[in-house]
Amino acid sequence: MGTVTENEIIVLKDMEALYLGNLGTVEFNLNLPREGKYGSSITWQSEDTRFLRPDGSVFRPKYGIGKRTVRLRASFQYGDCVKEKIYEVTILEEPNNIQVTRIYPLHLQAETGAVYHLPSVAVVETEEHEVLSHPVDWEEGEERLFSQTGTFQVYGVLRDTSIPVYAEVQVSGERNKEIVSTAPTVHVFPAHRIRLKDGTEFKAAQDRSLKFLKTVDDDQMLFNFRAAAGLDTLGAPEMTGWDSPECLLRGHTTGHYLSALALCYAATGDGEIKRKAEYIIDSLAECQRAFSGKPGFREGFLSGYSEEQFDLLERFTRYPEIWAPYYTLHKIFAGLLDGYRYLDNETALTVADKLGDWVYRRLSRLPKPVLNKMWSMYIAGEYGGMNESLAELHSITGKPEHLAAAKLFDNDRLFVPMFEGIDALGGLHANQHIPQVLGALKIFQVTGEKRYYELASFFWRAVTEAHIYSIGGTGEGEMFRQPGRIGDYLSDKTAETCASYNMLKLTKELFAYRPEAAMMDYYERTMFNHILASCDSEPTGGSTYFMPLGPGWTKSFDSTENTCCHGTGLENHFKYAEGIYFHKADTLYVNLFVSSTLDWPERKLKITQEADKRHPGNVTLKFEGSGTLDLKIRLPHWASGNYKVMVNDQEMDDVANDNGYLSIRREWRDGDTVKLGFGCSLRLEAAPDRKERVSLAYGPYVLAALSDVKEFLRLPLRTERLEEQFTKETGSPGLAFRYNKADLLFVPLADVHHESYHVYFELI
């Protein structure tokens, strides 16, 4: 054993002497000294700065979230001796000090002779003008059985308060459930019909992702499943990060990986990728069979761990003691269903079918109040899009149990205000709830129940009109804030990539029913400025978790931690073609301006699109084949209504505008060319709550200023004659503008890699 040096003795004495107080019930800021009693210098690092900063500042979780335990790392140094010590800091949630100024009325409908459950929440407005969904304790509980028709009053209180709540229940002989047609207005093309063109940033991102997928060790991806099922892990290395054997979310990345392989095959037709996907599916089927033969496991179960987390959730165990078991299960479900959808793999469907039966048997035995409480729990009750996958599974199998299981995930905390058309998103975990809305829309698609469609449509409008940053992303620190609160929440933890992934899925699904340009304006904004910008410039599979929008931050690409956004990031870059073109009968919608080819054999047409990043207002469409077609081209919001359309070099003066789409109906012939010239200039986009905080944009691109200054840049810009205040860089291969009054370069956020940048700055 080596001799202990004098420097080491001082460090050890300081480590022993430092006492931070009771770290098991922290409610106030901590005093974190920078120097030890005997002279060591001390530096601090928090593993979750949302709740604990390195300067000791404590931010208690909101009421209802539960306490949080944060690892605090202290580094002691004296001379050449450095040692670290980890402190576990448990921060208590805020008390329920809610001051209510309004409780939104609850008008409910029930049916005689049928068990009815009162909503577990009421929507309230506080003195701080925050609108929230708050738990309710009803007199005599949530369950009711009305034996006669009429109007009845029921009473309760807001949980952990004495504030009274009442609801009016209209009881009739039969509960009204409005059913409407689920036939979409327009349709997507099969993925293999659209191909991105080489030389574009979207194709480059897709190619990097393809290259990465081919390097992935499939047996490593299967490690947790085989280990949990008692099978040979075939010498594969353990998974890392959020999928490591000791992590409670293990297995989720494998589900995303399977989805990514299926999407990649659909987007590229690569045979090696197809073989990898089939190997994963066959191996998961083997694991499911092995689980079914083990004591303590119910038929059909499949996961990277045992059923214990599901048991604990039913006892309302909070995060981080458990970590979202149904969220992980959804990723497995989604991967299997993608394997069936894009690979026609019957084994994938068989495994999903058995897993769906397992979910129904497990959840159908639980009372509704238990389900309500489970799904309202922060993180622990997060279930991804379980309702979406189960409703989709029902559409394939026809089993009523799968649809019933999907509806068991109805979440009062989100659904009650949405059904009423009230934005009560503030304080909710963004990506915990967006997939639930996708599930509501899928339930509409298989049942025709109008209220589920209206919920999804209202949610989309609420988010896109009042909760998004200029890049299209939403949420700060993973949380929705109150409507319009954007400029006050610019940090290094803005715009979780998973949230944008799911919002784009929702937009695409809703567009099929309401093909309006505004929906694709949002889609373009988010795809070009968040999803594309989230991809590592090297083929590492890395993706941003958050897209920092505070001043002077840099992107961080997760390639080993296997976070949730690494998982969606594996899929994202094979989905660029999904929204470009839609169709119905003899109508083609051109939604996004991305260089690509569309093969439409039913119409005997092939269309090639050329888009120019340096001049995004210039777009060309070339036709191969002939036939009558109504061509609808989105008039983008950034064109401000200015456009020119030329068909075979002849300007069209009578182009109709239909819901934001330029409409040209004619007999198209082989070789016809459409040239589009959209107005395109620099513009400023202000945060709704802080008009002085703005982003600079050009066409579809939000531009970032390259600067490592950690305070907001303050620029004397004027909206009038804005173009004259910048010089477009002619020597740059991409798109770049230099601010004339300072040595400041603005480039599209997707072109920023490891540089520090500013997306928002302040006008003076």
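Residues: numbered from 1 along the sequence shown.
- Taking every heavy atom of both residues into account, Val82 and Ser75 meet most closely at CG1-OG, 3.5 Å.
- A salt bridge between Arg50 and Asp48 is present, with a side-chain N of the basic residue lying under 4.0 Å from a carboxylate O of the acidic one.
- Ring pair Tyr305/Phe310 is tilted by interplanar angle, where 30° to 60° counts as tilted.
- Heavy atoms only, all atoms of each residue included: Ile471 and Ala495 are closest at CD1-CB, 4.1 Å.
- In this structure, Arg738 and Leu744 have side chains that are not in contact, with every pair of non-hydrogen atoms separated by 4.5 Å or more.
- The cationic atom of Lys331 (NZ for Lys, CZ for Arg) lies less than 6.0 Å from the six-membered ring centre of Tyr327 and within 45° of the ring axis.
- For Lys85 and Phe76, the positive end is not near the middle of the six-membered ring at less than 6.0 Å and at most 45° from its axis.
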Open item on the list: Between Thr497 and Ser543, is the side-chain hydrogen bond (donor to acceptor under 3.5 Å, both in side chains) condition met? List the steps.
Closed with: CA-CA 8 Å; Thr497 302; Ser543 179; 4.6 Å; no
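- The main-chain N or O of Lys37 is found under 3.5 Å from a side-chain atom of Asp14 such that the two form a donor-acceptor pair.
- Open room surrounds OH on Tyr78; 12 or fewer heavy atoms of other groups in view lie less than 6.0 Å from it.
- Glu476 and Ser491 share a donor-acceptor pair across their side chains, judged by distance under 3.5 Å alone.
- At most 12 heavy atoms of other shown residues, nucleotides or ligands fall within 6.0 angstrom of atom CD in Glu711.
- Distance CD/Glu127 to CG/Asn97: 11.5 Å, rounded to 0.5 Å.
- For the residue pair Thr90 and Gly24, the shortest heavy atom distance occurs at CB-O, 3.3 Å.
- For Arg318 and Tyr378, the positive end is not near the middle of the six-membered ring at less than 6.0 Å and at most 45° from its axis.
- Within 6.0 Å of CD on Glu308 lie no more than 12 heavy atoms contributed by other residues, nucleotides or ligands.
- Interatomic distance, OH of Tyr545 versus CG of Asp492, reported as 12.5 Å (0.5 Å rounding).
- Salt-bridge check for Glu47 with Arg73: passed, with a basic side-chain N closer than 4.0 Å to an acidic carboxylate O.
- A cation-pi geometry, defined here as NZ or CZ lying under 6.0 Å from the six-membered ring centre and within 45° of its normal, holds between Lys710 and Trp553.
- When atom types are taken as modelled, the side chain of Asn529 and the backbone of Pro700 share a donor-acceptor pair closer than 3.5 angstrom.
- Put simply, the side chain of Arg68 never gets that close to the backbone of Pro61: no donor and acceptor are under 3.5 Å apart.
- When all heavy atoms are compared, the tightest approach of Ala424 to Ser133 is CB-N, 4.0 Å.
- Between the Asp423 side chain and the Leu425 main chain, a donor and an acceptor come within less than 3.5 Å of each other.
- Arg714 places no side-chain N or O within 3.5 Å of a backbone atom of Glu762 that could act as its donor or acceptor partner.
- In this structure, Thr540 and Arg208 have side chains that are not in contact, with every pair of non-hydrogen atoms separated by 4.5 Å or more.
- The residues Lys62 and Glu93 are annotated as not salt-bridged, no charged nitrogen and carboxylate oxygen being separated by less than 4.0 angstrom.
- A donor-acceptor contact shorter than 3.5 Å is absent between the side chain of Thr544 and the backbone of Ser556.
- With hydrogens and angles left out, the side-chain atoms of Ser470 and Ser695 include a donor and acceptor closer than 3.5 Å.
- No side-chain donor from either of Glu561 and Thr563 sits under 3.5 Å from a side-chain acceptor of the other.
- Side chain of Trp44 to backbone of Pro33: a donor-acceptor contact under 3.5 angstrom is found.
- More than 12 heavy atoms of other residues, nucleotides or ligands lie within 6.0 Å of NZ in Lys214, so this atom counts as buried by the packing criterion.
- The shortest distance between side-chain heavy atoms of Leu703 and Leu682 falls below 4.5 Å.
- Atom CD of Glu496 is separated from atom NE2 of His429 by 5.5 Å, given to the nearest 0.5 angstrom.
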TODO: Dump the intermediate steps for side-chain contact (heavy atoms from CB on, under 4.5 Å) on Cys81 and Lys83, then the final yes or no.
DONE: CA-CA 7 Å; Cys81 180; Lys83 291 184 179 296; 4.3 Å; yes
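- Enclosure of atom CD in Glu685 by more than 12 non-hydrogen atoms of other residues, nucleotides or ligands within 6.0 angstrom is indicated.
- You'll find the side chain of Phe51 stays beyond 4.5 Å of the side chain of Val58, heavy atoms only.
- Between Gly541 and Leu570, the closest heavy-atom pair is O-CD2, 4.3 Å.
- Counting heavy atoms from C-beta outward, Pro95 and Tyr63 have side chains that stay 4.5 Å or more apart.
- Around the CD atom of Glu6, the shell of radius 6.0 Å holds no more than 12 heavy atoms that belong to other residues, nucleotides or ligands.
- By the 4.5 Å heavy-atom criterion applied to side chains, Leu696 and Phe726 are counted as neighbours.
- Proximity of Ile531 to Tyr576: side-chain heavy atoms (C-beta onward) are separated by under 4.5 Å at one or more points.
- Asp536 has no carboxylate O lying under 4.0 Å from a charged side-chain N of Lys555, or vice versa, which leaves the two without a salt bridge.
- In this structure a side-chain-to-backbone donor-acceptor pair under 3.5 Å is present from Asp689 to Gly487.
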- [ ] Given side-chain hydrogen bond (donor to acceptor under 3.5 Å, both in side chains), test Thr5 with Asn7 step by step and report yes or no.
- [x] CA-CA 5 Å; Thr5 66; Asn7 290 350; 5.4 Å; no
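- Between the side chains of Glu571 and Tyr501, at least one donor N or O lies within less than 3.5 Å of an accepting N or O.
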Open item on the list: Using side-chain hydrogen bond (donor to acceptor under 3.5 Å, both in side chains), reason through His530 and Ser500 one step at a time and then give a plain yes or no.
Closed with: CA-CA 7 Å; His530 190 187; Ser500 287; 2.7 Å; yes
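- Atom NZ of Lys67 sits about 6.5 Å away from atom CD of Glu321, to the nearest 0.5 Å.
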Task: Worked verdict on Arg71 versus Glu88 for salt bridge (Lys or Arg N to Asp or Glu O under 4.0 Å) - done: CA-CA 5 Å; Arg71 286 164 56 90; Glu88 299 278 347; 3.5 Å; yes
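- Glu246 and Ser244 form a side-chain donor-acceptor contact under 3.5 Å, judged by distance and modelled atom types alone.
- In this structure, CG in Leu428 is found 8.5 Å from CG in Leu132, a value given to the nearest 0.5 Å.
- With no hydrogens or angles considered, a side-chain donor-acceptor pair links Gln436 and Asn411 at under 3.5 Å.
- A distance below 6.0 Å separates the ring centres of Phe737 and Tyr698.
- Counting only distance, with no hydrogens or angles, the side chain of Ser209 and the backbone of Ala205 share a donor-acceptor pair below 3.5 Å.
- Taking CG of Leu213 as the reference point, atom NE2 of His573 lies at 10.5 Å (rounded to 0.5 Å).
- No side-chain N or O of Tyr701 forms a donor-acceptor pair with one of Asp751 less than 3.5 Å apart.
- In terms of modelled atom types and a separation under 3.5 Å, the side chain of Thr526 and the main chain of Tyr522 share a donor-acceptor contact.
- You'll find the side chain of Phe225 reaches within 4.5 Å of the side chain of Ile332, heavy atoms only.
- Between the side chains of Asp243 and Thr254, not a single donor N or O lies within less than 3.5 Å of an accepting N or O.
- Pairing each heavy atom of Ile91 with each of Phe59, the nearest pair is CG2-O, 4.4 Å.
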